[in-house]
Amino acid sequence: MAGIDYTTLIPNNVSLHENRRLQRALEDWQPKFLEWWQDMGPNGYQAKDVYLRTAISVDAQGWAHFGYVRMPEYRWGIFLAEPEQGRLVNFGDHKGQPAWQEVPGEYRGTLRRLIVTQGDTEPASVEQQRHLGRTCPSLYDLRNLFQVNVEEGRHLWAMVYLLDAHFGRDGREESEALLQRRSGDADKPRILGAFNEKTPDWLSFFMFCFFTDRDGKYQLASLAESGFDPLSQTCRFMLTEEAHHMFVGEAGIMRIVQRACELMREHKTDDLRKHGGIDLRTMQRYLNFHCSVSLDLFGSEISTNAANFYTAGLKGRFEETKKQDDHLLKEATYSVAELDGDRIAMREEPALVSLNERLRDDYVADCARGVARWNEVIKKHGIDFELRLPHRAFHRAIGSFADARVSPDGRVISQAEWDAKHREWLPTEEDKAYIQSLMQPVTEPGKFANWISPPARGINGQPVEFEYVRLA
Ligand SMILES: [Fe+2]
Ligand SMILES: [Fe+2]
């Protein structure tokens, strides 16, 4: 595969110049994207130099170049992972056939919907985060926010490339629509619920990166298994970028936890509000919220859509090819948590319709590993407190638990108990107002807001006090 060509208007490693029709479609879309970026991308700082990484190759080692860039001049482009020679469709009814280089006619509509749904989340998160720069806790964090934002912009490019390259006029219309929907807009909202929520403060931002970007990882990983090879190659490269977003989330929360523990020990209290910290109980409520809305993104526990995507070879399981089974799943079963009167019970369901739940299981296990790392910090300080993932049935809006009231520890409860206790479980108006009161910008190199610890190290070997964004 060709290296990334940066001499052209649209950097790419897909020999774009050989396909004039596609090149023209993308060159036509590019100014509309930039207009969207100016209107809906980061509010402020657009004229500042930001220390960003840009992809220079798509192999695992050393793909990134770091340097100062103004965000609107970031070289968004089209990068696909190396093709796998002789790749096959690895699951479903077409298992064993050569992977498709063109969209199979019978799956056109379904595949387009999958790509649009994924694509819609990318600009949505940039819109959700657009005001955060104004209240950054440090230049280091400001730079990380902008890195995430430009890469989500590139993920949009990745999906638009697939739409324009493989779906003709329909694809071009979808590409336009991706720039027209708006997160949280009553008339033209983004497609998925969590992407219409606000990200009003940095605690929410770090939780979003940890929980919601991780949903992205699992969706991309299952699309990377697709029998439609261009989608697979696109998603494989996106996953390498996504890893950094989850690092930003996990490390951000870890640093807030670290600071909370320091303040607790210093002042011998767990009420940190008079000391300008974020107490662990408040963090638990934010965690409960962001985890539950992200769990919804996986869809209903029992889903014929999920079964159809799989049988058609369009969307696989997480690490499909590492699994030792028939990759057809026609006879297999899977145990799924379901509401059974006033309790939650496990029931064996056909594996094909349970694929959303299986992916959610992989996701929950991954989240739990991160939470365990946060708890190690608390434990090291000798503090008796554990952050916990809420039960998967807690505060759900989609699937079989949507109509139930369930506590974070997984008890089915009455509406009356919910009304009495939900303020202990989800962020309250007071929590939000307090967190908002902490959101005062800190922009001196090497300085950090009082509620968060500095990171252990800087970006790309630079010191923590490096001028990650040049404000002068
Ligand atoms: Fe993304
Ligand atoms: Fe992301």
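In each ligand, atom 1 is the first atom listed, and ligand 1 is the first ligand listed. Keep in mind that the numbers below use all heavy atoms, side chains included, and drop hydrogens, waters and symmetry copies.
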Exercise. Does the Asp201 side chain pair with the main chain of Leu203, one donor and one acceptor, at a distance under 3.5 Å?
Worked result: yes
For this session: Compute both the distance and the angle, then confirm whether Arg70 meets the cation-pi test with Tyr74: under 6.0 Å from the six-membered ring centre, within 45 degrees of the axis.
Result: no
Exercise. Is there an N/O/S atom in Cys209 at a distance below 2.8 Å from the Fe ion (ligand 2)?
Worked result: no
Exercise. Are Glu357 and Tyr334 close enough, and set up right, to give a side-chain hydrogen bond (donor to acceptor under 3.5 Å, both in side chains), and what steps lead you there?
Worked result: CA-CA 9 Å; Glu357 188 65 0; Tyr334 192 76; over 6 Å; no
Problem set entry | Atom of Glu152 nearest the Fe ion (ligand 2) (restricted to N/O/S, atom name only) | OE2
Problem set entry | Among Gln129, Arg130, His131, side chain to side chain donor-acceptor pair (under 3.5 Å) partner for Asn43 | His131
Exercise. If you look at every heavy atom in Leu80 and Val14, which pair is closest and at what distance?
Worked result: CD1-CG1, 3.7 Å
For this session: Restricting to N/O/S, name the atom of Glu242 that gets closest to the Fe ion (ligand 2).
Result: OE2
Problem set entry | the Fe ion (ligand 2) to nearest N/O/S of Glu151 below 2.8 Å | no
Exercise. Looking at the rings of Phe210 and Trp374, which for Trp means the six-membered one, are their centres under 6.0 Å apart?
Worked result: yes
Exercise. Is NZ or CZ of Arg317 both nearer than 6.0 Å to the six-membered ring centre of Tyr310 and within 45° of the ring axis?
Worked result: no
For this session: Just give me the atom name: the N, O or S atom of His245 closest to the Fe ion (ligand 2).
Result: ND1
Exercise. Does Asp213 put an N, O or S atom under 2.8 Å from the Fe ion (ligand 2)?
Worked result: yes
For this session: Provide the atom name of the closest N, O or S atom of Glu122 relative to the Fe ion (ligand 1).
Result: OE1
For this session: May I ask you to check whether Glu241 brings an N, O or S atom to under 2.8 Å from the Fe ion (ligand 2)?
Result: no
Exercise. Taking the N/O/S atoms of His155 one by one, which is nearest to the Fe ion (ligand 1)?
Worked result: ND1
